[in-house]
Amino acid sequence: IVLVNLATVIVSYYSFRVIFKRAELALVAAIMYSMSLLRLVDLYQRGAVGEFTALIFLPLIVAGLWKIYAVPVDDKNYSRLWIMPVIGYFGVIESHVLSTEIFGLFTVLACLMLFKKTFRKQTFFVLLKVVLISIVLNIGYLLPFIESYMLEDTYIRSGQSNSARLTFCLAFTDLFKFFTKFVEFEGWRNYMVPGLGPTVIPAIILFICTLIKGIKKHKKLIIVSAVITVITAILSLDIIPYERVLTYLGSEPSGVAVIDSIARSVSNMVKNIQFAMRFLTVGTCTYIVFVTALLDQYDDAGSDTVILRVSEIIIVMLTVLQFIWAAKLTMNEMPYMNLYTMTENDKELSCQVGNYEYLPRKADGYFPEDFLSFEKEYTNISFHAVTGDEKGEVELPLLYYRGYKARNADTGEKIRLTKSVHALLLIELDSNFDGNVRVYYAGKVYWHIAEVVSVISFILIVVYGMRRRDNGAEE
């Protein structure tokens with residue numbers, strides 16, 4: 001947690017410094033981002049490791065995309081502007097699947113909003129490099145994940161793991177109010193709805209003052225960040241009839257196979273987001289960009305100084321006070337929920353596995369109790385088996401996934417391995433078999449090749465970045 005917080009502060013400060021070029025504004029933005037309600041809930045209430053790790057890299061993506069659109073295309077280093085967003089997307093992809101989907105969706109939206117620049121030859125080529133290099137860099141993860149997602153019969157792919165009713169929806173006032181107490185939530189612990197925070201009202205006042213004064217710079221940045229913030233805020237509200245819409249999309253509404261397949265995929269994708277507040281992972285960052293871009297309209301001289309300093313003080317004070325209050329609530333009033341329990345002898349572990357998203361369907365918790373004589377270490381199982389004149393089967397206490405292998409430990413011969421009716425590994429033995437069986441997870445050969453490609457790509461990017469830095473120092 002300490003390292004995540006430290007990394008978030010450093011990366012956000014650096015990213016906002018890249019965009020606005022002013023240390024005090026980067027500091028204000030980093031405080032707003034690192035102390036946002038969304039991060040506090042993810043870190044200390046939900047324990048959402050993947051999501052709060054992905055949030056480290058989001059400002060890097062924003063800064064990288066900003067450079068691609070803000071730097072003149074005739075700049076001698078323009079073709080190299082893919083590096084920063086690639087690093088950002090690498091961190092997100094390796095951290096959290098849902099954040100990857102949400103960040104990717106709003107990246108496409110931002111590119112479409114700036115379509116005139118997006119489809120310039122130089123800009124389009126750099127964006128294409130971002131996409132292709134990100135894919136190659138993460139191919140060691142993406143290939144097995146996408147293949148398994150498409151081919152494994154899991155709950156998440158079937159649409160059965162999550163209901164059509166998204167939870168953690170916000171009331172309109174939740175977007176900007178100062179939270180002083182938890183909200184009761186049926187079926188789970190009390191929780192705090194992570195809106196944009198109490199700085200929204202001062203930010204709106206600042207926006208009106210800036211419009212009267214006149215916007216001198218960052219016009220497109222302000223427009224794009226404001227639009228995305230509003231969209232994500234609306235999507236997080238409880239006024240959106242998610243249950244009705246998603247149920248309709250999943251019910252084959254058109255009668256046309258292709259259209260219904262697309263509708264069902266969209267329904268499943270949105271259902272898997274689970275929490276409407278997740279849209280604010282992007283909205284929080286774009287809101288901070290919007291506010292900081294407004295502050296950047298005011299100089300450190302003349303009458304602008306008073307407005308700038310007063311605005312900075314109000315925004316920082318409200319952010320810090322809300323964070324302290326929310327942290328106090330979390331530590332003192334949030335009921336402890338015991339999701340993971342280990343017995344006194346440390347031999348049994350029971351835990352909640354969420355909504356079973358990536359479990360194979362038909363996995364019903366059945367454990368083959370009559371199969372007791374075996375040695376197991378992680379996903380490796382060894383046992384001795386004997387069959388008579390007929391073929392035999394052995395069901396193992398491991399969930400079935402593609403990539404498991406079974407061999408005769410004495411001869412090295414492959415043994416047929418399939419999926420049982422309980423979604424467990426099922427070993428099929430020949431008649432008159434008498435030998436030791438070894439079961440292990442090997443994956444696929446081309447998956448391991450993809451891993452090598454990812455490692456080599458990572459090394460080449462590091463070397464390229466170091467050489468670029470050295471060349472820049474010489475110049």
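All values below come from the heavy atoms of this structure, side chains included, with hydrogens, waters and symmetry mates left out.
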Derivation and outcome, side chain to side chain donor-acceptor pair (under 3.5 Å), residues Thr210 and Tyr298: CA-CA 9 Å; Thr210 306; Tyr298 300 88; 3.0 Å; yes
Assert yes or no for the condition that the ring centre distance of Tyr378 to Tyr441 is strictly below 6.0 Å.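 Ring centroids of Tyr378 and Tyr441 are no less than 6.0 Å from each other.
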Check the pair Thr118 / Tyr69 against side chain to side chain donor-acceptor pair (under 3.5 Å), numbers first and verdict last. CA-CA 8 Å; Thr118 298; Tyr69 284 95; 2.7 Å; yes
Stepwise salt bridge (charged side-chain N to carboxylate O under 4.0 Å, His left out) check, Asp75 with Lys67: CA-CA 11 Å; Asp75 187 282; Lys67 290 187 70 174; over 6 Å; no
Parallel, tilted or perpendicular: which fits the ring planes of [X] and [Y], with parallel below 30° and perpendicular above 60°?
{"X": "Phe145", "Y": "Tyr141", "answer": "parallel"}
{"X": "Phe106", "Y": "Phe279", "answer": "perpendicular"}
{"X": "Phe124", "Y": "Phe119", "answer": "parallel"}

Between [X] and [Y], is there a donor-acceptor pair closer than 3.5 Å when you use the side chain of the first and the backbone of the second?
{"X": "Glu312", "Y": "Leu25", "answer": "no"}
{"X": "Thr232", "Y": "Thr229", "answer": "yes"}
{"X": "His96", "Y": "Phe52", "answer": "no"}

For the CH2 atom on Trp325, are there more than 12 heavy atoms of other groups (residues, nucleotides or ligands in this structure) within a distance under 6.0 Å?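 Count not over threshold, so no.
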Enclosure of Leu151 CG (heavy-atom neighbours >12, cutoff 6.0 Å):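 Result for CG/Leu151: enclosed.
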Are side-chain heavy atoms of Met84 and Tyr14 found at a separation under 4.5 Å?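 In contact.
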Does the side chain of Val462 reach to within under 4.5 Å of the side chain of Phe458, using non-hydrogen atoms? yes
Could you tell me the separation between the CD1 atom of Ile215 and the CG atom of Leu211, rounded to the nearest 0.5 Å?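 Between Ile215 CD1 and Leu211 CG, I get 5.0 Å after rounding to 0.5 Å.
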After noting the C-alpha distance and the side-chain angles of Tyr89 and Phe103, does the key distance pass the ring-ring contact (aromatic ring centres under 6.0 Å, His included) rule? CA-CA 9 Å; Tyr89 285 116; Phe103 296 176; 8.2 Å; no
Check Glu51 with Arg46, please: is the shortest side-chain N to carboxylate O separation under 4.0 Å? yes
Residues Tyr248 and Ser267: side-chain donor-acceptor under 3.5 angstrom: no
Between Ser148 and Tyr358, is any side-chain donor less than 3.5 angstrom from a side-chain acceptor?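 Their side chains do not contain a donor-acceptor pair, so the 3.5 Å distance test is not met.
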Pick one: which of Tyr33, Trp66, Phe16 meets side chain to side chain contact (heavy atoms under 4.5 Å, CB included) with Val289?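 Among Tyr33, Trp66, Phe16, the one that satisfies the side chain to side chain contact (heavy atoms under 4.5 Å, CB included) with Val289 is Phe16.
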